Peer 1: 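So that we are looking at the same thing, I have put the structure below in structure tokens.
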Amino acid sequence: MPRKFYITTAIDYPNGSPHMGHAYEKLISDCYARWYRFRGDQVHFLTGTDENGQKLVRAAEEAGEPTKDFVDLQVDKFRKLCADLGLSHSDFIRTTEARHKEAAQELWERLQKKSKIYFGQYEGQYCLSCEAFYTELQAADGKCPAHGSPLERVKEDGYFFKLSEYAEWIEAHIRDNENFVWPKAAHSEILNRIRSEKIRDLSVSRPNHSWGIPVPGDEKHVMYTWFDALINYWSAVRNSEEKWWPASVHVIGKDIVWFHAVIWPCLLKAADLELPEQVFVHGMVLGQDGRKMSKTLGNGVDPYQIIGQFPLDSFRYYLLRAIPSGGDGAFVIKDLVMRHNTELANDFGNLLSRVVKLALKKGGETWESRREDRSFDFPKLFEKLEGSMTRREHHRALESLWLQINQLNLYLNDQAPWKMEAGSEALKSCLSNALFGIFGTAVLAQAFLPEVSRKILQTLGQPEVLGPEVLAADSVSFRLQSPEPLFPKIEWKEES
RNA sequence: CGCGGGGUGGAGCACCUGUGGUAGCUCGUCGGGCUCAUAACCCGAAGGUCGUUAGUUCAAAUCUAACCCCCGCAACCA
């Protein structure tokens with residue numbers, strides 16, 4: 001029976017255009033979605049947009065457009081990004097959709113019925129321009145960190161979620177489930193924070209300015225954006241809840257760990273819903289100077305500087321390989337080009353050329369690889385990749401894959417099949433081994449380099465999508481086609 | 001101040017976080033091999049006291065402590 005794997009990205013806040021971080025998170029998630037699909041699991045892969053909150057209303061005002069029109073337009077950009085990245089997502093959710101509204105309201109009512117939400121008063125330092133409260137910690141001097149203007153002491157009516165009731169429970173849950181927040185650094189950081197901060201009840205409503213999801217039974221309030229945003233993971237699969245819930249992995253960035261590792265599980269617990277298995281925190285794509293990408297520093301790289309300029313698989317490969325999962329990494333276009341030219345073109349692409357061309361010359365189109373002749377242990381390599389992927393170390397999976405590619409190149413140099421006599425057994429066995437080696441590598445590379453793998457399999461005369469079981473098949477036959485360069489070299493000059 | 005991440009041959013990074021045991025990868029430099037292939041592939045060499053200091057240990061880049069430096073935690077922003 002196939003296992004199920006439900007993976008999500010964070011939903012994006014579309015007040016600006018998609019940036020590198022969005023692309024990174026989506027590509028990582030896509031890689032895992034494809035890997036689990038490859039190993040035979042039933043996969044549901046969700047991404048989408050978070051469209052509530054006053055910040056969007058303000059952004060629309062600044063753009064001089066009605067909020068809804070503005071948001072629709074922005075969301076299209078994110079949809080386009082998904083398409084341009086070749087994402088294999090199963091669903092794209094918008095928090096302005098009816099299905100989400102209904103789900104959020106249902107969850108609210110559930111919590112209210114169980115008295116986990118109550119009506120109260122919020123008192124704090126409030127910035128009028130931000131329409132947000134700041135804690136003593138954020139604004140120690142009583143001034144708005146964003147505007148520098150003095151904050152007002154404001155009392156406001158609103159709804160609260162009894163987060164404090166769950167303080168001990170969530171600490172225990174995180175402590176006892178080492179994989180719940182991953183990687184380890186994120187796990188200990190959040191645990192640390194829970195222990196040092198008093199968990200207080202969470203304000204979950206805002207005054208209704210006709211944008212947002214109305215609080216059931218009280219039109220004067222809408223849900224706080226974060227409250228409803230988290231629920232998207234549930235609302236997207238509510239119609240087939242028994243099939244997909246709970247989520248297997250929420251892939252998120254560092255800045256929203258608290259919401260996903262603390263608030264979200266507590267909400268679910270309070271509503272008697274099952275908890276996600278894992279919150280996977282990825283690192284940040286930094287600017288080429290190794291600092292956080294920012295407009296003021298001008299060190300940012302827009303995803304659209306890459307998409308269309310460089311092959312998609314090279315972009316994917318670079319992000320997945322050059323930035324260790326869980327850590328931060330600088331995005332340097334020159335390095336992307338270098339990895340494309342050396343690792344992809346020279347190591348991998350050239351390997352395909354040299355083997356297939358030689359095979360065509362020496363033995364024609366039809367080749368067969370039998371299990372007893374094989375020099376390479378792909379089932380074992382699969383296990384290795386499986387281990388890396390389970391630990392969410394996709395960069396190591398790629399490293400293992402490349403070790404295999406290097407081994408193949410070395411094998412050819414050692415065997416020197418071009419010196420062997422045409423028609424000899426030695427030649428036949430050497431080349432069928434090499435062909436199987438490429439085949440196995442391409443099969444395993446599907447989650448990482450979908451487009452390229454497809455082309456390789458096609459060159460070998462194999463079906464487009466294959467699972468790990470073919471690696472142990474008794475016999476695989478190839479019907480070779482003349483290969484075209486998989487990775488034409490890229491000429492690229494600094495500051496072009 | 002506090003929290004978190006990092007400091008490894010000329011450059012960029014693994015390992016450390018999965019088990020402490022001759023320091024590994026890519027690029028660059030130098031020399032060699034091969035000629036099937038996308039001027040590609042393979043081998044070898046030079047180059048590091050793994051931020052500093054102290055400690056634990058038969059043995060530390062890896063564990064412990066202190067310190068120094070860089071980055072993120074306010075804004076565009078995952």
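A, B, ... follow the sequence lines: proteins, then strands. Residue 1 opens every chain. Source: prediction; values computed, not measured. Just so you know, these numbers use all the heavy atoms, side chains as well, and skip hydrogens, waters and symmetry mates.
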Peer 1: Check whether any side-chain N or O of Asn341(A) sits under 4.0 Å from OP1 or OP2 of rU38(B), and answer yes or no.
Peer 2: no
Peer 1: Measure CD/Gln288(A) against P/rC13(B) and give the value in whole Å, please.
Peer 2: 13 Å
Peer 1: Paired stems touching RNA chain B, three or more consecutive Watson-Crick or G-U pairs with both distances under 3.5 Å?
Peer 2: B:2-7 with B:68-73, B:10-13 with B:24-27, B:29-33 with B:41-45, B:51-55 with B:63-67
Peer 1: Nearest-Å distance, CG (Asp328(A)) to P (rG6(B))?
Peer 2: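 Taking atom P of rG6(B) as the reference, CG of Asp328(A) is at 9 Å.
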Peer 1: Which of the following nucleotides, rU38(B), rG5(B), rA78(B), is nearest to the side chain of Ser353(A)?
Peer 2: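 Minimum distance to the Ser353(A) side chain belongs to rU38(B).
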Peer 1: Quick check: closest heavy atoms across Pro311(A) and His340(A), and the distance to 0.1 Å?
Peer 2: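 The answer is CG-CE1, 3.8 Å.
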Peer 1: Rounded to whole Å, please give me the gap between NZ in Lys489(A) and P in rA39(B).
Peer 2: 6 Å
Peer 1: Measure the distance from CG on Leu398(A) to C1' on rC13(B) and round it to the nearest whole Å.
Peer 2: 15 Å
Peer 1: Apply ring pair (Phe, Tyr, Trp, His ring centres under 6.0 Å) to Tyr24(A) and list each qualifying residue two or more places apart in sequence or on a separate chain.
Peer 2: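 Tyr24(A): ring pair (Phe, Tyr, Trp, His ring centres under 6.0 Å) contacts with His282(A).
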Peer 1: Measure the distance from NE2 on His260(A) to C1' on rA78(B) and round it to the nearest whole Å.
Peer 2: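 One finds 11 Å between C1' of rA78(B) and NE2 of His260(A), rounded.
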Peer 1: Using the test ring pair (Phe, Tyr, Trp, His ring centres under 6.0 Å), find all partners of Phe92(A) that sit at least two apart in sequence or belong to another chain.
Peer 2: none
Peer 1: Does atom CD of Gln305(A) have more than 12 heavy-atom neighbours, drawn from other residues, nucleotides or ligands, at distances under 6.0 Å?
Peer 2: yes
Peer 1: Categorize Met20(A) for me: base, sugar-phosphate, or nothing, with a 4.0 angstrom heavy-atom threshold over every strand shown.
Peer 2: nothing
Peer 1: Under a 4.0 Å threshold between the charged nitrogen and the carboxylate oxygen, would Arg321(A) count as salt-bridged to Asp335(A)?
Peer 2: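 No salt bridge links Asp335(A) with Arg321(A).
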Peer 1: Which residues pass the ring pair (Phe, Tyr, Trp, His ring centres under 6.0 Å) test with His100(A), sequence neighbours left out?
Peer 2: none
Peer 1: What I want to find out is whether Lys254(A) reaches Glu189(A) closely enough, with some N-O distance under 4.0 Å, to be called a salt bridge.
Peer 2: no
Peer 1: What nitrogen or oxygen pairs link the protein and nucleotides 24-34 of chain B at under 3.5 Å?
Peer 2:
unit_1: rG33(B); atom_1: N2; unit_2: Asn413(A); atom_2: ND2; d: 3.2

Peer 1: What distance, rounded to whole Å, do you find between the two C1' atoms, one in rC63(B) and one in rC15(B)?
Peer 2: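 About 16 Å, rounded to a whole number of Å.
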Peer 1: Residues in side-chain hydrogen bond (donor to acceptor under 3.5 Å, both in side chains) with Thr67(A), at least two apart?
Peer 2: none
Peer 1: C1' atom, rA14(B) versus rC25(B): distance in rounded Å?
Peer 2: 7 Å
Peer 1: Excluding sequence neighbours, so at least two apart, what forms ring pair (Phe, Tyr, Trp, His ring centres under 6.0 Å) with Phe180(A)?
Peer 2: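 Ring pair (Phe, Tyr, Trp, His ring centres under 6.0 Å) list for Phe180(A), sorted by chain: His173(A).
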Peer 1: Using heavy atoms to find the nearest nucleotide of RNA chain B for Glu484(A) and Gly387(A) separately, return the residue whose nucleotide is more 5′.
Peer 2: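 Here Gly387(A) is the residue nearer the 5' end.
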Peer 1: Which residue pairs pass the ring-ring contact (aromatic ring centres under 6.0 Å, His included) test when at least one of the two sits in residues 412-434 of chain A, sequence neighbours left out?
Peer 2: none
Peer 1: If you measure from the Lys or Arg side-chain nitrogens to the Asp or Glu carboxylate oxygens, is any gap between Glu61(A) and Arg58(A) under 4.0 Å?
Peer 2: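 Arg58(A) and Glu61(A): not salt-bridged.
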Peer 1: What's the NZ-P distance between Lys254(A) and rC3(B), to the nearest Å?
Peer 2: 17 Å
Peer 1: Indicate, with a heavy-atom threshold strictly under 4.0 Å, whether Pro324(A) touches base, sugar-phosphate, or nothing.
Peer 2: sugar-phosphate
Peer 1: Go through the structure and list residues passing salt bridge (Lys or Arg N to Asp or Glu O under 4.0 Å) with Arg354(A), not counting sequence neighbours.
Peer 2: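 Scan of Arg354(A) (salt bridge (Lys or Arg N to Asp or Glu O under 4.0 Å), adjacent residues dropped) gives none.
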Peer 1: Quick one: closest heavy-atom pair of Thr9(A) and Phe45(A), and the distance?
Peer 2: CG2-CE1, 3.9 Å
Peer 1: On a whole-Å scale, what distance lies between the P atoms belonging to rU8(B) and rU52(B)?
Peer 2: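 Taking atom P in both rU8(B) and rU52(B), they lie 10 Å apart.
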Peer 1: Apply salt bridge (Lys or Arg N to Asp or Glu O under 4.0 Å) to residues Glu451(A) and Arg454(A) and explain how you reach the verdict.
Peer 2: CA-CA 5 Å; Glu451(A) 188 61 26; Arg454(A) 197 180 55 73; 2.7 Å; yes
Peer 1: What orientation do Tyr36(A) and Phe5(A) show, parallel under 30°, tilted 30 to 60°, or perpendicular over 60°?
Peer 2: parallel
Peer 1: Distances for protein N/O vs nucleotides 70-73 of chain B N/O pairs under 3.5 angstrom?
Peer 2:
unit_1: rC73(B); atom_1: OP1; unit_2: Lys292(A); atom_2: NZ; d: 3.1

Peer 1: Any base atoms under 4.0 Å from Asn192(A), or only sugar-phosphate, or nothing? Heavy atoms, all strands.
Peer 2: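 Since only primed, P, OP1 and OP2 atoms lie under 4.0 Å of Asn192(A), the category is sugar-phosphate.
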Peer 1: Please work out if Gly21(A) contacts a base, only the sugar-phosphate, or nothing of the nucleic acid, heavy-atom cut-off 4.0 Å.
Peer 2: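 The answer is base, as Gly21(A) lies within the cut-off (heavy atoms under 4.0 Å) of a base atom.
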Peer 1: How many Å lie between CZ on Arg195(A) and P on rG4(B), as a whole number?
Peer 2: 12 Å
Peer 1: Picking from rA78(B), rC13(B), rU38(B), which would you name as closest to the side chain of Phe487(A)?
Peer 2: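 Nearest nucleotide to the side chain: rU38(B).
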Peer 1: Check RNA chain B against residues 354-366 of chain A and give the residues with a non-hydrogen atom under 4.0 Å, in numerical order.
Peer 2: Arg354(A), Lys357(A), Leu358(A), Lys361(A)
Peer 1: For nucleotides rU22(B) and rA61(B), find the distance between their C1' atoms and express it as a whole number of Å.
Peer 2: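 My reading of the C1' atoms in rU22(B) and rA61(B) gives 14 Å.
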Peer 1: Nearest-nucleotide wise, let me know which of Asp335(A) and Pro488(A) is further upstream toward the 5' end of RNA chain B.
Peer 2: Asp335(A)
Peer 1: Anything under 30° is parallel, anything over 60° is perpendicular, the rest tilted; go ahead and classify Phe376(A) against Tyr411(A).
Peer 2: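 Geometry flag for Tyr411(A) against Phe376(A): perpendicular rings.
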Peer 1: OP1 or OP2 of rC77(B) versus the side-chain N and O atoms of Asn15(A): is any pair under 4.0 Å?
Peer 2: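 Yes, because at least one side-chain N or O of Asn15(A) sits under 4.0 Å from OP1 or OP2 of rC77(B).
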Peer 1: Quote, to the nearest angstrom, the C1' distance that separates rA66(B) from rU56(B).
Peer 2: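 To the nearest whole Å, 15 Å.
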Peer 1: Could you tell me how far rG21(B) sits from rU57(B) if I compare only their C1' atoms? Round to whole Å.
Peer 2: 12 Å
Peer 1: If the condition is salt bridge (Lys or Arg N to Asp or Glu O under 4.0 Å), which residues does Asp91(A) pass it with, not counting sequence neighbours?
Peer 2: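 Applying salt bridge (Lys or Arg N to Asp or Glu O under 4.0 Å) to Asp91(A) gives Arg99(A).
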Peer 1: Please determine whether a side-chain nitrogen or oxygen atom of His19(A) lies at a distance below 4.0 Å from atom OP1 or OP2 of rC77(B).
Peer 2: no
Peer 1: So what does Asp347(A) touch, heavy atoms closer than 4.0 Å: a base, only the sugar-phosphate, or nothing?
Peer 2: sugar-phosphate
Peer 1: P atom, rG4(B) versus rU64(B): distance in rounded Å?
Peer 2: 14 Å
Peer 1: Sticking with atom C1', work out how far rG48(B) lies from rC13(B), rounded to a whole angstrom.
Peer 2: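 Approximately 15 Å lies between the C1' atom of rG48(B) and that of rC13(B).
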Peer 1: In whole Å, I'd like the distance from the CG atom of Leu27(A) to the C1' atom of rA78(B).
Peer 2: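 Those two atoms, CG and C1', are 13 Å apart.
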Peer 1: Give Leu486(A) one of three labels, base, sugar-phosphate or nothing, depending on what nucleic acid heavy atoms sit under 4.0 Å from its own.
Peer 2: base
